[in-house]
Amino acid sequence: MKADGDPNLIVYFGGEYMPLREARVGILTHALHYGTGVFEGIRAHWDERSQELFVMRPVEHYERWKQNCGILRIDVPLSPEKLCEITLELMRRNEFRTNVYVRPIAYKSAERIGVATDDQDEFAIVALPFGDYLHAEKGLHAGVSSWRRIEDTAIPARAKICGAYVNSALASDEVRRSGFDEAIFLNESGHVAEGATCNIFMVRKGKLVTPPVTDNVLEGITRDSIMELAQRELGLPVVERSIDRSELYVCDELFLTGTAVGIAPIVRVDHRQIRDGAIGPIARQLNESYIAATRGHLVAYRKWLVPVYRGQQPDLVRLAEASVA
Ligand SMILES: Cc1ncc(COP(=O)(O)O)c(C=O)c1O
């Protein structure tokens with residue numbers, strides 16, 4: 001199995017599988033200077049019980065990627081299904097038997113000075129062994145950043161546009177240097193938007209509340225999965241509405257969601273403890289359901305998973321029935 005940072009890690013670049021050390025871009029590449037790329041983040045989880053690696057909602061990730069590439073008029077010439085096949089092949093070639101993070105990136109590749117774009121696009125897919133992104137076992141202390149979330153009228157937050165992550169980097173750096181674990185963004189209207197690289201949920205008065213996609217948030221796939229789990233598994237009503245900053249201080253529970261982090265509970269915000277300062281029951285139950293679903297242990301959510309080593313969906317269904325029996 002190839003390790004993170006291994007120069008022999010097999011990546012997909014320029015239409016070929018090759019070692020990471022050979023996948024290089026030029027110093028004048030447009031995207032390096034102007035941030036004109038769009039990336040994705042996909043997870044695969046290793047399940048010890050079935051000795052299988054399950055990729056989480058890869059078709060939806062590639063559909064989102066291709067749509068968002070369209071915002072920058074970057075063309076990814078392959079279908080989501082073909083991109084999934086490449087992703088599975090990368091995992092097999094690297095013989096991964098652990099949790100994995102997949103990073104597709106498409107970018108403006110012309111090597112010249114000048115911000116105007118043209119039709120020279122490239123894309124690459126890298127898959128790496130990847131453990132926990134945030135260490136949230138005891139709950140996080142989040143801080144509201146003084147940086148505001150980018151507006152759709154400047155750089156669309158709904159797409160993972162490379163240049164937009166300067167906004168996330170500034171907020172993240174600011175709050176970490178001030179001693180917090182993670183940043184929370186407000187948007188220009190002063191409402192809570194999201195974390196630096198995650199969506200946000202609050203439990204208040206028996207409902208799960210999250211900002212609408214029109215409040216300058218990334219349209220998270222984990223956000224969507226959590227809303228489904230909350231309604232189906234916990235019978236919890238889910239509401240998409242704007243959230244005030246001060247609601248964070250008086251809510252019952254707060255947590256972040258994202259492909260890299262999964263579910264990360266927040267137990268303090270801006271030096272204010274949330275309830276008793278312990279991880280709340282809803283975050284805990286959702287986390288358990290999410291872990292079970294992403295490892296193939298819940299039949300109802302097999303639809304989200306594509307197995308790497310056992311081939312296609314029918315095998316997965318048989319596996320599901322066997323593990324439930
Ligand atoms: C800014 C931002 N918000 C939210 C998310 C969560 O989205 P998803 O659940 O699709 O990973 C991410 C990253 O993945 C992100 O970068």
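Values reported hereafter were calculated over all heavy atoms of this structure, with side chains retained and with hydrogens, waters and symmetry mates removed. Counting starts at 1 for both ligands and their atoms, following the listed order. Residue numbers run from 1 in the order of the sequence given.
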Query - Per-atom contacts, ligand 1 versus R64 - under 4.0 Å to a heavy atom - result: 10 (O)
Query raised in the report: What do the steps show when you test R112 against D118 for salt bridge (Lys or Arg N to Asp or Glu O under 4.0 Å), and what is the final call?
Result: CA-CA 11 Å; R112 57 169 177 76; D118 55 27; 3.3 Å; yes
Query raised in the report: What atoms of ligand 1 come closer than 4.0 angstrom to any heavy atom of A196?
Result: 1 (C)
Report task. Just need the protein heavy atom nearest to atom 9 (O) of ligand 1, so name the residue and atom and give the distance. Result -> T222 OG1, 2.6 Å
Query raised in the report: Which ligand 1 atoms are under 4.0 Å away from a heavy-atom of G220?
Result: 7 (O), 8 (P), 9 (O), 10 (O)
Query - Face-on cation placement of R97 at Y309 ring, 6.0 Å and 45° thresholds - result: yes
Query raised in the report: Cation-pi between R93 and Y17: NZ/CZ under 6.0 Å from ring centre and within 45° of the ring axis?
Result: yes
Requested in this report: Write out the residue and atom name of the closest protein heavy atom to atom 12 (C) of ligand 1, then the distance separating them to 0.1 Å.
Outcome: T197 O, 3.1 Å
Query raised in the report: Any Lys/Arg nitrogen of R245 or D270 sitting under 4.0 Å from an Asp/Glu carboxylate oxygen of the other?
Result: yes
Report summary line: Going by the 4.0 angstrom heavy-atom rule, the piece of C198 near ligand 1 is backbone
Report summary line: Under 4.0 Å from one or more heavy atoms of K160, ligand 1 contributes atoms 12 (C), 13 (C), 14 (O), 15 (C), 16 (O)
Report summary line: Among non-hydrogen protein atoms, atom 11 (O) of ligand 1 lies closest to T259 OG1, 2.5 Å
Requested in this report: With rounding to the nearest 0.5 Å, note down the distance linking CG in L9 to CE in M18.
Outcome: 12.5 Å
Report summary line: Min over R149, M56, E60 of heavy-atom distance to atom 1 (C) of ligand 1 lands on R149
Query raised in the report: Applying a 4.0 Å heavy-atom criterion (strictly less than), which segment of A260 is in contact with ligand 1: side chain, backbone, both, or neither?
Result: neither
Give every donor-acceptor pair under 3.5 Å between a side-chain atom in residues 19-26 and any protein atom, sequence neighbours left out.
unit_1, atom_1, unit_2, atom_2, d
R21, NE, N8, OD1, 3.1
R21, NH2, N8, OD1, 2.6

Requested in this report: Answer yes or no for E219: is there a heavy-atom contact with ligand 1 below 4.0 Å?
Outcome: no
Query raised in the report: Any N/O of G258 closer than 3.5 Å to an N/O of ligand 1?
Result: no
